[in-house]
Amino acid sequence: MGVALSEWAAQGDWRLYFLFRDRIEGVTPEAVKAAAAKYLVRNNRTVGVFIPTDKPERIAVPPTPDVTALVADYKGRAAIAEGEVFDPTPENIEGRVKRLEIPGGIKVTLLPKKSRGGEVHLTLTLRYGNEENLQGLEPATGFLSELMLRGTKKLSYQQLRDELDRLGATLGGGAGGGRRGGGRRGGGGGGGGGLGSVSFSIQAKHDTLPEVLKLLQQVLREPALPADEFEVMKRERLTGLEQMKTEPAMLAPRLLQRQLSPYPKEDIRYTPTIEESIERLKAATYEQVAQLYRDYLGSQAGELSIVGDFDADACLAILKDTLAGWKATRPYTRIASP
């Protein structure tokens with residue numbers, strides 16, 4: 001913020017920063033078209049060759065306004081809620097945190113506190129599969145959460161993103177084991193919880209969280225799982241792996257992981273080389289990802305945490321409805337990593 005204000009101060013006055021923000025909010029497509037029609041004309045462009053004309057067009061650019069007059073009567077907006085001072089010591093956290101379990105197997109941790117701007121963060125991790133029934137499917141696990149976020153049966157990928165933009169929220173996903181399978185973690189920074197897990201994260205405001213949870217409900221229970229998006233993601237990840245072949249920053253951690261976890265190739269916890277990851281990724285199919293969602297994913301085990309300014313009763317009602325009756329046909333057992 002300090003750097004941003006210094007840029008506007010260099011143009012005349014730091015308050016221009018907020019004036020610019022206010023004006024940007026009022027911009028319409030028609031205004032953009034009008035500006036283009038006014039300024040993007042031949043004599044206002046620079047080209048490689050100048051061709052003279054008998055009727056030159058002279059554009060009258062308005063004079064620079066007086067900065068003092070522009071900001072003389074400007075008043076800032078109402079300050080957003082500052083939130084509370086909360087020292088995150090283990091004692092303070094334990095004194096306020098609430099723990100419960102949603103029927104089905106999801107352990108819930110709630111930490112309500114007043115936050116700046118009414119912000120709230122949510123993370124949901126679902127656990128699935130086991131050491132045996134995930135054999136051969138590991139490369140596909142890295143696609144699951146991101147493909148679920150590529151649209152629902154009611155909303156296209158673009159419509160889902162537009163809704164999140166409208167709500168001023170983010171919804172991301174991550175998949176445990178995706179790195180070993182040869183792909184980057186699912187988009188959005190949802191994190192991961194190890195092999196056989198998929199996570200979703202939300203950043204929203206107090207008033208918008210219930211609507212975002214309704215979108216998450218669609219993502220979890222009615223994903224479109226578009227096959228064409230899977231092919232796009234697969235090509236992107238293969239390209240990334242090809243580039244990693246000669247990157248020390250990518251090779252070194254993988255080599256370290258191979259030394260620390262020396263599992264045999266047939267073990268699901270085996271860390272493949274870059275070349276092996278490429279071959280595994282090439283073999284991954286859309287049907288494998290669809291099978292993971294159809295047969296493995298459910299609310300049989302997992303964790304949910306919500307931290308910030310939120311209405312616990314309203315949020316839990318939506319989440320309980322989302323996760324109710326969602327049973328996987330394949331059993332789950334935690335994959336240990338001793």
Will you find, in the side chains of [X] and [Y], an N or O donor that is under 3.5 Å from an N or O acceptor?
X: Thr273; Y: Arg258; result: no
X: Ser115; Y: Glu119; result: no
X: Tyr270; Y: Glu276; result: yes

What side-chain donor-acceptor pairs closer than 3.5 Å can you find for residues 326-336, not counting sequence neighbours?
residue : atom : partner : partner atom : Å
Trp326  : NE1  : Leu297  : O            : 3.4
Thr329  : OG1  : Asp295  : O            : 3.2
Arg330  : NH1  : Tyr296  : OH           : 2.9

Is the charged tip of Arg161 near the ring of Tyr157: under 6.0 Å from the six-membered ring centre and within 45° of its axis?
-> yes
So, is the end of the Arg237 side chain (NZ or CZ) under 6.0 Å from the ring centre of Phe143 and within 45° of the ring's axis?
-> yes
Ionic contact status for Asp267 with Arg269, cut-off 4.0 Å =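 Counted as a salt bridge, because a side-chain N and a carboxylate O are separated by less than 4.0 Å.
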Short N-O contact, Glu25 and Arg77, less than 4.0 angstrom |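 Result for this pair is yes, salt bridge flagged.
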Point-to-point distance, once rounded to the nearest 0.5 Å, from [atom1] of [X] to [atom2] of [Y]:
X: Asp309; Y: Lys113; atom1: CG; atom2: NZ; answer: 9.0 Å
X: Ile202; Y: Leu124; atom1: CD1; atom2: CG; answer: 8.5 Å
X: Leu110; Y: Leu100; atom1: CG; atom2: CG; answer: 5.5 Å

What closest approach, in Å, do Glu84 and Arg96 show between heavy atoms, and which atom pair accounts for it?
-> OE2-NH1, 2.9 Å
